[in-house]
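First up is the structure itself, then whatever we jot down about it.
Here the structure is a predicted model, which is why all the values come from computation and not from measurement.
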Amino acid sequence: QVQLVESGGGLVQPGESLTLSCATSGFLADYHIIGWFRQAPGKEREGLSCINSNEDSIYYADFLKGRFIISRDGAKNTVDLLMMNLKPEDTAVYYCAAGRSFYCAGYGFPESDYNYWGQGTQVTVSS
């Protein structure tokens, strides 16, 4: 069974950076895309970024404006999300998810593309 475990969350000040990590295990051969999502209090979950196994399909939400960078380490079976210049509005629970598609959707981050989800890690941006 596929398992995903997020780590790296915590409390940071505005303007600081933080790297989240998604550790994957289980039957990963059939799951080619990893996405990062977040859910802020009182808001719907939103997609942030996606990367596929070959790293030739990588997408970011437009509203991130280049502040986040996704990367994967095949040897470690991890997918990281580097978050820079964090803002209070980035406060949320961050989730990673795995899906069977070979490529990330180019029209957003439909949750129907993802079959397994992690438990989430809290990120709080506050001075």
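At a threshold of 4.5 Å between non-hydrogen side-chain atoms, the residues Val123 and Leu20 count as touching. Within the 4.5 Å cutoff, the side chain of Ser57 has no heavy atoms near those of the Cys50 side chain. You'll find the side chain of Tyr60 stays beyond 4.5 Å of the side chain of Leu48, heavy atoms only. A 4.5 Å side-chain heavy-atom check between Leu18 and Leu86 finds at least one atom pair inside the cut-off. Using a 4.5 Å cut-off on side-chain heavy atoms (C-beta onward), Arg72 and Ser53 make contact. Taking the side chain as every heavy atom from C-beta outward, Thr24 and Ile34 approach each other to under 4.5 Å. Looking only at side-chain heavy atoms (C-beta outward), Thr78 and Asp80 come within less than 4.5 Å of each other. At least one side-chain heavy atom of Ile70 sits under 4.5 Å from a side-chain heavy atom of Ile58.
Within the 3.5 Å criterion, the main-chain N or O of Glu6 finds no donor-acceptor partner in the side chain of Tyr94. Checking side-chain atoms of Ser127 against main-chain N and O of Gln13 turns up no donor-acceptor pair under 3.5 Å. Asn54 places no side-chain N or O within donor-acceptor distance of the main-chain N or O of Asp56, the cut-off being under 3.5 Å. Looking at Asn77, its side chain never comes within 3.5 Å of a backbone N or O of Ser25 through a donor-acceptor pair.
No continuous path of hydrophobic side-chain contacts links Leu81 to Leu11 [ILVMFWY only; heavy atoms under 4.5 Å]. Cluster membership for Phe37 and Phe63, using ILVMFWY side-chain heavy atoms within less than 4.5 angstrom, is not shared. Linking Ile, Leu, Val, Met, Phe, Trp and Tyr residues whenever their side-chain heavy atoms come within less than 4.5 Å leaves Leu4 and Trp117 in two separate clusters.
Taking the six-membered ring where tryptophan is involved, the planes of Tyr31 and Tyr116 are perpendicular, since the angle between them exceeds 60° and thus also 30°.
We find that Asp90 and Arg38 are joined by a salt bridge, their nearest charged nitrogen and carboxylate oxygen being less than 4.0 Å apart.
The distance from the CD atom of Gln39 to the CD atom of Gln122 is 11.0 Å, given to the nearest 0.5 Å. For the atom pair Thr121 OG1 and Tyr95 OH, the distance stands at 10.0 Å (nearest 0.5 Å).
The two residues Ala98 and Val2 have their closest heavy-atom pair at CB-CG1, 4.4 Å. In terms of heavy-atom proximity, Tyr103 sits nearest to Ile33 at C-CG2, 3.7 Å. Arg67 and Asn85 make their closest contact through NH1-O, 3.0 Å (heavy atoms, listed as atom of the first residue, atom of the second, distance). Asp113 approaches Asn115 most closely through the heavy-atom pair O-OD1, 4.0 Å. When all heavy atoms of Cys104 and Ile51 are compared, the pair lying nearest together is SG-N, 3.4 Å. Here the closest heavy-atom approach between residue Tyr59 and residue Ser49 is recorded as O-OG, 2.9 Å.
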query = Glu111 and Arg45: salt bridge (charged side-chain N to carboxylate O under 4.0 Å, His left out), yes or no, with the steps?
reply = CA-CA 9 Å; Glu111 294 195 9; Arg45 188 160 54 191; 3.0 Å; yes
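More than 12 heavy atoms of other residues, nucleotides or ligands shown are found within 6.0 angstrom of CG on Asp73. Within a 6.0 Å radius of CD in Gln119, no more than 12 heavy atoms belonging to other residues, nucleotides or ligands are found.
When ring centroids are compared, Phe109 and Trp36 stay outside the 6.0 Å threshold.
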